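A short worksheet on the structure shown next.
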Amino acid sequence: MKKKLTQIILSVIVSIMPFYSLSGQVIIPLPSQIVSAPGFFYFSGTTKIGSDESTRIPSYLQTYLKQRQTALNANGNANEIIFTLSNQGLSEGYELKISPNKIHVTGNDEKGLFYGIQSLIQFLQHQPLSNGSISIPCQTITDQPRFGYRGIMLDAGRYFQPVSYIKELLDMMATYKFNTFHWHLTEDQGWRVEIEKYPKLMSKSAWRSETVIGHHNQKPRVYDGEKHGGYYTKADIREIVAYASERNITVIPEIEMPGHATAAIAAYPELGCTGKTLEVPTDWGVKEDVYCPSEATFTFLEDVLTEIIPLFPSPYIHIGGDECPKKQWKESALAQSVMKREGLKDEDALQSYFIKRMEAFLKTKGKKLIGWDEILEGGLAPDATVMSWRGIKGGIEAAHLGHDVIMSPNTFCYFDYYQTDAPGEPLAIGGKLTVEKVYSFDPIPDELPAETHKHILGGQGNIWTEYISTLPKLRYMAYTRMLALSEVLWTPVAKKEFLPFAVRLNKHIDYWKTKNIEFANHLFEIKPTLTTKEIGLEVALTPFVPWGEIRYTLDGTEPKSTSAVYTNPLLLTKKTVVKTQSFVQNQAKGHPISIDFLPHKGLQAKILSKTTPSKTYKGAGERGLINGISGSKTQFNDGEWQGVTPGEPFSMKLSWTEKQSIKGIQFHAFNDPESWIYLPSEATIYTSQDGTTFSKACETKITENKDTKTLAVDIPCKITSQFIEIKTPAMGTIPVNRPGAGNQAWLFLDEIRVY
Ligand code: ACM
């Protein structure tokens, strides 16, 4: 109730005030405790900076503070900023005490001092100028992180990033108090680290001849014809590790095994199971060429790690472990002989043997092993830390087993997913992960008992780069969601609230824009809620965050600052296009959205029965299939498409108050085999006299269509009836040689138009 009330008050305030003047808070992640005091500290050209501890402050921060003074009042107040180390309290914690004459930054340790300065810098970046001084409201901040592991992963394998890009990412991480950079250095599509003992890793594995353009699922595939690649020399790595260390960031290298290894096998075919000559792949997806568990492979990997380990002071080495297809191991005499020799019951056990061997080796070098959650399959290595990416299930299992866990579920932490359904987004791998969803993440799931919480070390956002080849795209995809995650990992749960965060986030996005660093900003998006009414469709519009106003048109034109202001839900009774957009002080914000309503007889029908959709893909609610709105042509998780639980047939029975003269039914089915979504083989219409006994009226066979993502299936059927049923059979198992072979296929349906 309390939260609701504050939200209501806040939304009222937001709607009547210019959004940028809202809330005195600026810091992201929000500190644990803030106690306000009267007055301001005026930071100016005459503010004295320093103390004994200032020698411990990284020189780049001292330089920043001094530089910040150059454009400020040279005759300001006589005041000072001093720094102290208390050597007490939690590591990384600090106190920032702002009084009119003095700012006192006290670090519990050097890391804490570093973060205290980061908070101070955010004040300097975001507080307004007053007489040539930056006015910082007096307050005392007492702050420490919720989690000790606050990570960001960058995939250097799919695209090689120059050192300068990585430095920008590290700067951004430091500003928002992340402390771990997980560097994904080897992949099917590229090996990115210098290993002196194996020169072909640099001459061959680091390069691919070209790269697929557009989405990998798109057919036919088109390639750019340009050689891509590169690798980090040991000098580059030392430079990055030192740069990170100066920013309180530990770098954890990932050397992938036993899967995601095609680039290495392309240079050294003896590492694979087939001995075949391979090229470094030029497209994406999980590859079947994996390391064979031979002694030659173990020697190679130990040699590689022996060169890697001295470069990285991190206590951890990440060995990958995800997505290792077992087909080649099943077919390999060598792999089978290892299983026999070691008494391993299946290929999962062989993977477990592989990982355990690597862990034993890392231990001899004083390092601990991290792996993706597949390392649970076949049995965990004794002291492994699990990075849970396929949801949180693996993390929960590992914590129950007494292992440490880093939560990095794709459902909350994958920054390569789309950020919105709105059109015009740059190409992404798929899925949808809004900044709000990231913000709602809690790395400690409710179902985990208190005694296991200590095993959840923290969380991590992942920047997979199949579709992120440039720095501007990386910024667009990662930074907004990274700021949300920073608050998830730092701020006490009780203090987390999305709306106030969104207001601060908007300030930060605007600030970085002035530095030519463009974040994604979907904060001005509008969410439509559609409700079927007896005479049409009601459209309610809710802003993602409530500031400014929503304007709309009904004549197909783009909304302008003079268009109608939305106040109450709109009732659509005929074919209409609603176009709507947020405006703040007459400025258009965000993107316009369009709702295309096409009424049909189904809107007035009563649903007698309907197959319950899958829990994950519920679509637009009970009447979503007959609401007059069709699902996206490209995205099956847009909130309109309904997924039928695999293995179940689909049926929907409709009735009207009187007989209808029907000419046919048209429905849409999604067609995306790469996502295991297939077309149904047929669809049938039944009619009934009494709503109980139905008999077949019309049917249509559906043939596979490789070229379209959505297929409109038309079933002409001239009937006069008060009751109809539409049915499709259960989808069955995906045949061999098709994506997802052996699994149950999905069926996705949307708008079932009765015409
Ligand atoms: C992963 O996304 N394959 C860890």
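In this chain, numbering begins with 1 at the start of the sequence shown. Remember, it's 1-based here, ligands and their atoms both numbered in the order they're listed. Note that this is a predicted model, so its numbers are computed, not measured.
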### Message
Using ring centroids (six-membered ring only for Trp), state whether H228 and F160 fall under 6.0 Å.
### Response
no
### Task
Looking only at distances, please establish whether an N/O atom of ligand 1 is found under 3.5 Å from an N/O atom of E323.
yes
### Message
Suppose we call two aromatic rings close when their centres sit under 6.0 Å apart. Are Y617 and W746 close by that rule?
### Response
yes
### Message
For ligand 1 and W372, I'd like to know whether there is a polar contact (N/O to N/O, distance under 3.5 Å).
### Response
no
### Query
Between H184 and W372, is the gap from one ring center to the other below 6.0 Å?
no
### Query
Ignoring hydrogens and geometry, is there a side-chain-to-backbone donor-acceptor pair from S440 to K437 under 3.5 Å?
yes
## Note on the structure
A student checking ligand 1 against Y414 at a 4.0 Å heavy-atom cut-off should list atoms 1 (C), 2 (O), 4 (C)
## Note on the structure
Taking only non-hydrogen atoms of W464 and a 4.0 Å limit, the atoms of ligand 1 in range are 1 (C), 2 (O), 4 (C)
### Message
Measuring centre to centre across the rings, with the benzene-like ring taken for any Trp, is Y467 within less than 6.0 Å of H216?
### Response
no
### Query
Does the N or O separation between D322 and ligand 1 drop below 3.5 Å for any pair?
yes
